[in-house]
Amino acid sequence: MSTPSCVTRFAPSPSGHLHVGGARTALFCWAYAKGKGGTFLLRIEDTDQKRSSDSASVGFLKDLAWLGIGWDEGPVLGTHGGGAHGPYFQSERLDIYNRYLAQLVDAGKAYYAFDTTAELDAKRQAAKLAGHAYRYDRSEMANLPKATVDAWLAEGRPAVIRCKTPDGPITIVDEVLGEATLPAGEVDDFVIRKADGFPTYHFAVVVDDELMRVTHVLRAQEHFNNTAKHMVLQDALGFRRPIYGHLPLITNPDASKMSKRDKDKVLRKTVIDRKLTAPPQDTITQARFDAWLADKNTQLELAEASLLATGLQVTLPEINVDDFRQSGYLPEVLCNFLALNGWSPGENVEKFDTEFLKQRFDLKRVVKTPAKFDRTKLLSFNCDAITGMPREEFVSRARLHGQEFHADFMKRITAEQFEQLASASHERSKTLDEMFRTNRFFIIADDVLAWERSKNVEKALLGPEPNGLSHLRAVLPVLEGCAEWSAAALEQAITPYAMQHTEGNLGKVAQPLRIAVSGGTVSPPIFDTLAILGRDSTLNRIRRCIASFTA
RNA sequence: GGCCCCAUCGUCUAGCCCGGUCUAGGACACCUCCCUUUCACGGAGGUAACAGGGGUUCAAAUCCCCUUGGGGUCACCA
């Protein structure tokens, strides 16, 4: 079996959702490996027992697949995954870690430590008060007689294993950041096995990267300092050293860390601003609402948050890949835009696909500074991609989106109507989702349609004579007389009226019509709108509108 | 606070490594005008940055130092 020249990995902790930062890291790892004909693997870092391992733990895989980021090795999903270097869940690799752990202890490169959490916390606290950084003091535990260690272990005293970090400065070589040297003493004797028997992240990563023959570690910059620990471990275990590249962070526009907390923040602010004391109907329970509101540290589950957002009629910031999907962003656009946060191909090129990224991505052009995630620019990219695609493609992608996220809408509209609506919406859509949100008037019953009483509506309908209302009255018989009900035919019928009565200013007639049938001032082009709505509904709504505004 | 890293338009960035071609380029946003049956799109212009201070040099956005600012990290989380 030939060893691939390049093996990268994406190694998240278990999660049901992939956030954009993770997606960007995965994308770069994928592009780097695939561009070199190498292997991209996925590993689940589930060594924290407190943090779950339920069935939702790999929900994020679907997000990767949706983005088009395929993995050669790792958990199996569809055609992705598999591989001969598993298991790819760290929780299933305990035997392996224990073997290497024993090796280090036997060699005197690691030792059992019996400090309690309380003791450690107290020392940290003291160090903080004294104004200096806390460093673990090995003098006690590292020198325990073997008999004592064995005895304490035998009596079941909780113990961790710590790595005996050699004294001396450590120089990290990084392909993005360059070289950095941590002074001696900066890295203390860190824990490599927890009291529950699980390895810590540091230990598992080092063992797995070696065994899974990872050659390039691309990860977020927050891991930079950890690299020193990993190097210490590699040396202690006699492992080779992969090449490192630490990627700049992606943050909110205000430079704060992007997290699902942001959704909570928006909801909390809304509730407080509106002085609400109870949750909206059909969202979350009063008890849950109270508990959440009372404690700033309580976070709503994603499902609860989106229910509440719907109830409050606020839009939650997109954080996770599936948020963007639900909002109607295209996966290829998200990949494109994500790649632009922290990397650029230069030469004023901004729009590209993943094939291009694969060919051109390199560590030298990765930016060193954190990037603020600009949703507005993403939206603009999405708009360009949508308006640039063939009409049929838009219609079919919008249909799939509707079926997944707007089942109610799809149920109340015929296939033919949908096709017409999607066609009419194509060039005015920035996302796949927009047409479903702005065209709800198509799917409601004629007799429940209500009219907005806004300034613009009144201006269009109730101005000085001849006003919109009188045009509606006049145009009603014209429409009634229409033999054929298509956009083209309707245009042929209405235009002459406008020529005669509004000096060719079609808007004077179109806008009242739009209001009459939609209830508001926004719709697809008027003749399309009428055609899609159909003869009966159109006439019905116009009559009701006249009555409503005449009364 | 210790340690590490970073610093170009409001934002993402090009240029920096290998000083002169930079009067600093592009994109998003913003402003103005045009187009227009609403919304959106589109078209034409425009405003807008080398954090500050010292060096080095004939010449500095580019090299060096300091200051300031920002980020990361200091867990039996990953």
Side-chain angles (χ1 to χ4, degrees), chain A residues 11-14 45-48 50-51 90 113 115-117 120-121 124 127-128 130-135 158-162 172 174 176-178 180-183 185-188 190-196 198-202 204-205 219-226 228 246 248-249 251 253 255 257 337 340-351 364-365 367-381 383-384 387 425 427-430 434 438 456 460 491 494 498 505-515 518 520-527 529:
Chain A
S13 46
E45 313 234 310
D46 56 348
T47 55
D48 185 1
K50 286 188 280 294
R51 275 210 225 174
Q90 290 184 329
D115 316 85
T116 65
T117 311
L120 258 20
D121 283 349
R124 278 194 200 99
K128 197 175 176 186
H132 59 256
Y134 170 77
R135 292 284 114 88
V160 300
I161 298 178
R162 284 180 185 268
I172 301 168
D174 184 280
V176 174
L177 264 12
T181 301
L182 306 190
E186 264 306 302
V187 182
D188 64 4
F190 52 99
V191 173
I192 55 181
R193 193 181 77 170
K194 302 179 257 186
D196 64 6
F198 276 64
T200 59
Y201 158 75
H202 304 296
V205 159
R219 44 149 66 143
Q221 255 173 40
E222 62 195 20
H223 287 293
F224 187 78
N225 289 36
N226 291 336
H246 287 91
L249 262 25
T251 69
K257 249 185 170 177
F337 186 69
L340 245 22
N341 279 256
W343 180 80
S344 99
E347 297 162 7
N348 291 341
V349 176
E350 278 202 309
K351 302 283 179 73
K364 280 195 191 66
R365 295 193 66 89
V367 170
K368 299 181 184 185
T369 51
K372 300 186 179 86
F373 193 79
D374 182 0
R375 288 188 183 75
T376 313
K377 184 163 180 175
L378 170 65
L379 186 63
S380 165
F381 272 40
C383 176
D384 290 348
T387 50
S425 304
E427 60 198 9
R428 47 188 31 75
S429 288
K430 293 187 174 186
E434 224 174 287
T438 56
N456 286 340
E491 183 165 8
I494 300 291
N505 188 344
L506 193 55
K508 289 263 191 280
V509 187
Q511 198 58 355
L513 278 171
R514 189 186 320 280
I515 292 166
S518 76
T521 55
V522 179
S523 88
I526 189 62
F527 301 117
T529 301

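Here is the naming used below: chain letters follow the sequence lines, and residue numbers restart at 1 for every chain.
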Asker: Would you indicate what A:P12 reaches in the nucleic acid, counting non-hydrogen atoms under 4.0 angstrom: base, sugar-phosphate, or nothing?
Answerer: nothing
Asker: Within the 4.0 Å heavy-atom criterion, would you say A:P525 contacts the bases, only the backbone, or no part of the nucleic acid?
Answerer: base
Asker: Taking for each residue the nucleotide of RNA chain B bearing the nearest heavy atom, is the 5' side occupied by A:A510 or by A:T200?
Answerer: A:A510
Asker: Just how far, in rounded Å, is P of B:A75 from CG of A:D188?
Answerer: 8 Å
Asker: Rounded to the nearest angstrom, tell me the gap between atom CD1 in A:I161 and atom C1' in B:C76.
Answerer: 12 Å
Asker: Could a donor-acceptor pair under 3.5 angstrom be found where the side chain of A:K377 meets the base of B:A29?
Answerer: no
Asker: Give every pair of a protein N or O atom and an N or O atom of nucleotides 13-15 of chain B that lie under 3.5 Å apart, one pair per line with the distance.
Answerer:
unit_1: B:U13; atom_1: OP1; unit_2: A:G342; atom_2: N; d: 2.6
unit_1: B:A14; atom_1: O3'; unit_2: A:R365; atom_2: NH2; d: 3.3
unit_1: B:G15; atom_1: OP1; unit_2: A:R365; atom_2: NH1; d: 3.1
unit_1: B:G15; atom_1: OP1; unit_2: A:R365; atom_2: NH2; d: 3.4

Asker: How would you list, by chain and number, every residue that makes a side-chain hydrogen bond (donor to acceptor under 3.5 Å, both in side chains) with A:Q221, sequence neighbours excluded?
Answerer: none
Asker: Would you kindly check whether a donor in the side chain of A:R428 faces an acceptor in the base of B:C39, or vice versa, at under 3.5 angstrom?
Answerer: yes
Asker: For A:Y134 and B:A75, what is the distance between atoms OH and C1' respectively, to the nearest whole Å?
Answerer: 11 Å
Asker: Out of B:A78, B:U11, B:C76, which nucleotide sits closest to the side chain of A:D374?
Answerer: B:U11
Asker: How would you list, by chain and number, every residue that makes a side chain to side chain contact (heavy atoms under 4.5 Å, CB included) with A:R219, sequence neighbours excluded?
Answerer: A:R9, A:Y201, A:V205, A:V217, A:H223, A:T227, A:H230, A:Y244, A:H246
Asker: If you look at every strand shown and take non-hydrogen atoms under 4.0 Å, does A:A180 touch a base, only sugar-phosphate, or nothing?
Answerer: sugar-phosphate
Asker: Hey, does A:T438 reach any base, or is it just sugar-phosphate, or nothing, if we go heavy atoms under 4.0 Å?
Answerer: nothing
Asker: OP1 or OP2 of B:C76 sitting under 4.0 Å from any side-chain N/O of A:K194?
Answerer: no
Asker: As a test of reading the structure: which of B:A27, B:C76, B:A78 is closest to the side chain of A:N226, going by heavy atoms?
Answerer: B:A78
Asker: Please list, pair by pair, any protein nitrogen or oxygen found under 3.5 Å from a nitrogen or oxygen in nucleotides 46-49 of chain B.
Answerer:
none

Asker: Is any N or O donor-acceptor pair between the side chain of A:E350 and the base of B:G26 shorter than 3.5 Å?
Answerer: yes
Asker: Taking 4.0 Å as the cut-off, does a side-chain nitrogen or oxygen of A:R124 come that near to OP1 or OP2 on B:A75?
Answerer: yes
Asker: So, does A:T47 get its side chain near the phosphate of B:A78, meaning an N or O under 4.0 Å from OP1 or OP2?
Answerer: yes
Asker: Can you check the A:Q221 CD to B:G71 C1' distance for me, whole Å?
Answerer: 8 Å
Asker: B:G20 pairs with which nucleotide, Watson-Crick or G-U wobble, both distances below 3.5 Å?
Answerer: B:C58
Asker: If you measure only the distance, is there a donor-acceptor pair under 3.5 Å linking the side chains of A:S523 and A:S518?
Answerer: no
Asker: Below 4.0 angstrom from OP1 or OP2 of B:U73, is there any side-chain N or O of A:K257?
Answerer: yes
Asker: Assign A:L249 to base, sugar-phosphate, or nothing according to its heavy-atom contacts below 4.0 angstrom with the strands shown.
Answerer: sugar-phosphate
Asker: Under 4.0 angstrom, heavy atoms only, what part of the nucleic acid is A:S13 near: base, sugar-phosphate, or nothing?
Answerer: sugar-phosphate
Asker: Please name all residues satisfying side-chain hydrogen bond (donor to acceptor under 3.5 Å, both in side chains) with A:T117, sequence neighbours left out, ordered by chain then number.
Answerer: none
Asker: Roughly how many Å is it from NZ in A:K364 to P in B:C17, rounded to a whole number?
Answerer: 15 Å
Asker: With a non-hydrogen cut-off below 4.0 angstrom, is A:D115 in contact with a base, only sugar-phosphate, or nothing?
Answerer: base
Asker: How would you list, by chain and number, every residue that makes a side-chain hydrogen bond (donor to acceptor under 3.5 Å, both in side chains) with A:N505, sequence neighbours excluded?
Answerer: none
Asker: Looking at every strand, decide which applies to A:V160 at a 4.0 Å heavy-atom threshold: base, sugar-phosphate, or nothing.
Answerer: base
Asker: Figure out the CD1/P separation between A:I526 and B:C39, and round it to whole Å.
Answerer: 13 Å
Asker: For a 4.5 angstrom cut-off between non-hydrogen side-chain atoms, does A:Q90 reach A:F198?
Answerer: no
Asker: Using the closest heavy atom to pick a nucleotide of RNA chain B for each, name whichever of A:D196 or A:T251 lands nearer the 5' end.
Answerer: A:T251
Asker: Under 4.0 Å, counting only non-hydrogen atoms across every strand here, what does A:S523 touch: a base, just sugar-phosphate, or nothing?
Answerer: base
Asker: Please give the distance between the C1' atoms of B:C30 and B:C12 as a whole number of Å.
Answerer: 16 Å
Asker: Which is true for A:R219 with a 4.0 Å heavy-atom rule: it touches a base, it touches only sugar-phosphate, or it touches nothing?
Answerer: nothing
Asker: Hey, does the side chain of A:K430 come within less than 4.0 Å of B:C41's phosphate (OP1/OP2), counting only N and O?
Answerer: yes
Asker: Could you check whether A:H246 gets within reach of a base, just the sugar-phosphate, or nothing at all, counting any heavy atom under 4.0 Å?
Answerer: nothing
Asker: Could you state the atom-to-atom distance from NE2 of A:H223 to P of B:A78 in whole Å?
Answerer: 11 Å
Asker: Given that both distances must come in under 3.5 Å, which nucleotide forms a Watson-Crick or G-U wobble pair with B:U32?
Answerer: B:A44
